Amino acid sequence: MKETFAKKPQQGESWDVIIIGSGPAALTSAIYTTRGAASTLIIGGEVWGGQLMLTTTVDNFPGFPQGILGPKLMGEMRAQAERFGAEFLGENATDVDFSKKPFEVIAAGKVYLGKSIIIATGAETKWLDVPGLKKLIGRGVSSCAPCDAAFFKDKKVVVVGGGDSAMEEAVTLTKYATEVTIIHRRDEFRASAAMQQKVKENPKIKILWNTEVTEVIGEQKLEKLKLKSNYDNSTSEFPVDGLFVAIGHVPSTQIFGGKIELDEKGYVKRFWDEKIGGYKTATNVQGVFVSGDVHDYQYKQAVTAAGFGCMAAMDAIKYLGELKD
Amino acid sequence: MTTFNITDSDFETKVIQKKTPVLVDFWASWCGPCKMAEPVLEELSGEYNDKVGIAKLDVDANPNTATKFGVMSIPTTILFKEGKELGRQVGFAGKQAFEDLIKKGVI
């Protein structure tokens, strides 16, 4: 049952808000903007739902005491946004023009007009930048244990990384693989205590500290890794069937280069100024707001992304109100 | 045309022996990105109608074919024509990526 508070713009008219992205930040924004009676277009991308689509059970999103599957959670968020009249476009935004008013966003060759914009494009998997890796993606190299773990039944796999996602990948893999080795370049993990405990209690998981992967070797499929020890710079070879990369993410800001201000790592910068409305999610372009992992390199949680999404939506609604005055 | 299911046992007759190209989607019920790909493949099978067949192979029930073609990540989609692999797409990267793959076999 749809409960819509804003009229959809006619041909040639502007949307009140265009949200670019479709993860927890984007969809939470849409729930708030639509309920705030702002007509809302979500340009969600062909591959929608963000990083949670590549997970299994999410145990740290409040409200689900037994946990909830990542893809299911995203489906529910999308349904909630659509219930209040958000329009979901499953196309990639390919360009933006924030120098014009209304703002323009291009997707699938069409121009969409927005009085305000919320950037919530999130972040994507960072691959190890080592020789041999690219050509073996899908042939033993993966970044999605929940998708691919079953192909490694009774095999040996490596997980690279030291954060929560590396721990989760390792635990998921133990259901199938005989042996899971976590390779980490430091001598401690930055993962949460709960996740670290899960890993350390699991007899199938071994940890190689202070070690880096320097090369990925294999013809038709992954065969072995070249490793370097950070203790003494010695090198070794490690025969393995699967390599799961969980070393972090890079912000998805390719289309915004030169259009809004990004920091040196490519994250969207926030410009919070009490004098111009006190919008905490403002970018350097007035009327363009930001939320979620595309600007947040610190917390990076589904629930913080959702929180930022709510903030950006409330800022956008306040801004739209000031436009009318 | 709509997508159709294939198995290890009829892969030979429904894919390898076909004159028209067949795009095979290796998938499983527990894979999130596979679910995203589903409606897109359905749409493409309508658009390309009889120019290309779009087949779905459940890797859980049919491990032999997946192993034979070195599929170790899903979704993987492989385009076959007259028994030969013309190209593959690992992961779901949107409709355009599938179309680019289909075009390798459809003139």
Side-chain angles (χ1 to χ4, degrees), chain A residues 22 44-58 69-75 78 90-92 94 107-109 124-125 127 134-155 157 172 175-176 218-222 241-245, chain B residues 8 23-44 46-47 56-80 84-103:
Chain A
S22 55
E46 290 193 75
V47 183
W48 72 274
Q51 294 165 43
L52 282 189
M53 296 303 267
L54 305 177
T55 63
T56 50
T57 308
V58 178
L69 290 174
K72 170 129 171 78
L73 179 60
M74 295 322 297
R78 177 171 166 175
E91 302 282 358
N92 297 333
T94 52
E124 51 209 283
T125 302
W127 292 101
K134 278 262 154 69
K135 76 164 194 188
L136 291 169
I137 292 175
R139 297 173 185 267
V141 176
S142 170
S143 71
C144 180
C147 307
D148 302 338
F151 292 106
F152 298 91
K153 195 167 173 0
D154 305 326
K155 302 218 159 123
V157 300
T172 303
K175 289 172 197 149
Y176 299 93
E219 280 305 314
Q220 280 308 302
K221 61 188 192 66
L222 174 64
D241 304 295
L243 170 67
F244 289 78
V245 180
Chain B
D8 279 346
L23 185 70
V24 180
D25 171 34
F26 294 81
W27 71 284
S29 57
W30 37 262
C31 153
C34 297
K35 287 202 184 77
M36 279 193 266
E38 226 173 76
V40 177
L41 289 168
E42 206 59 58
E43 209 180 303
L44 284 167
E47 286 172 24
K56 296 166 63 66
L57 185 115
D58 180 346
V59 296
D60 277 341
N62 305 284
N64 297 346
T65 308
T67 310
K68 187 175 168 196
F69 291 97
V71 172
M72 297 172 88
S73 182
I74 51 171
T76 288
T77 38
I78 304 183
L79 185 73
F80 292 93
K84 287 202 187 72
E85 174 177 340
L86 295 186
R88 67 173 69 190
Q89 166 68 35
V90 177
F92 174 54
K95 190 176 175 185
Q96 191 59 50
F98 285 146
E99 288 207 83
D100 291 346
L101 183 57
I102 290 172
K103 280 176 189 148

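Source: prediction; values computed, not measured. Residue numbers start from 1 in every chain, and the chains themselves are labelled A, B, ... in the order their sequence lines are given, proteins ahead of strands.
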Record all donor-acceptor atom pairs with a distance under 3.5 Å between chain B and chain A; write none if the list is empty.
residue: B:S73; atom: OG; partner: A:D148; partner atom: OD1; Å: 3.3
residue: B:S73; atom: OG; partner: A:D148; partner atom: OD2; Å: 2.8
residue: B:I74; atom: N; partner: A:D148; partner atom: OD1; Å: 2.9
residue: B:K95; atom: N; partner: A:E46; partner atom: OE1; Å: 2.3

- [ ] Answer with side chain, backbone, both or neither: which region of B:A37 has an atom nearer than 4.5 Å to a non-hydrogen atom of chain A?
- [x] neither
Open item on the list: Just to verify, what does B:F92 make a ring pair (Phe, Tyr, Trp, His ring centres under 6.0 Å) with, not counting sequence neighbours?
Closed with: B:F98
- [ ] Name the region of B:V40, side chain, backbone, both or neither, that has any atom closer than 4.5 Å to a heavy atom of chain A.
- [x] neither
- [ ] Taking all non-hydrogen atoms of both residues into account, name the closest pair between B:I74 and A:F151 and its distance.
- [x] CG2-CZ, 3.4 Å
Open item on the list: Using heavy-atom distances under 4.5 Å, tell me whether A:L54 contacts chain B through its side chain, its backbone, both, or neither.
Closed with: side chain
Open item on the list: For the CD1 atom of A:I137 and the CE atom of B:M72, what is their distance to the nearest 0.5 Å?
Closed with: 13.5 Å
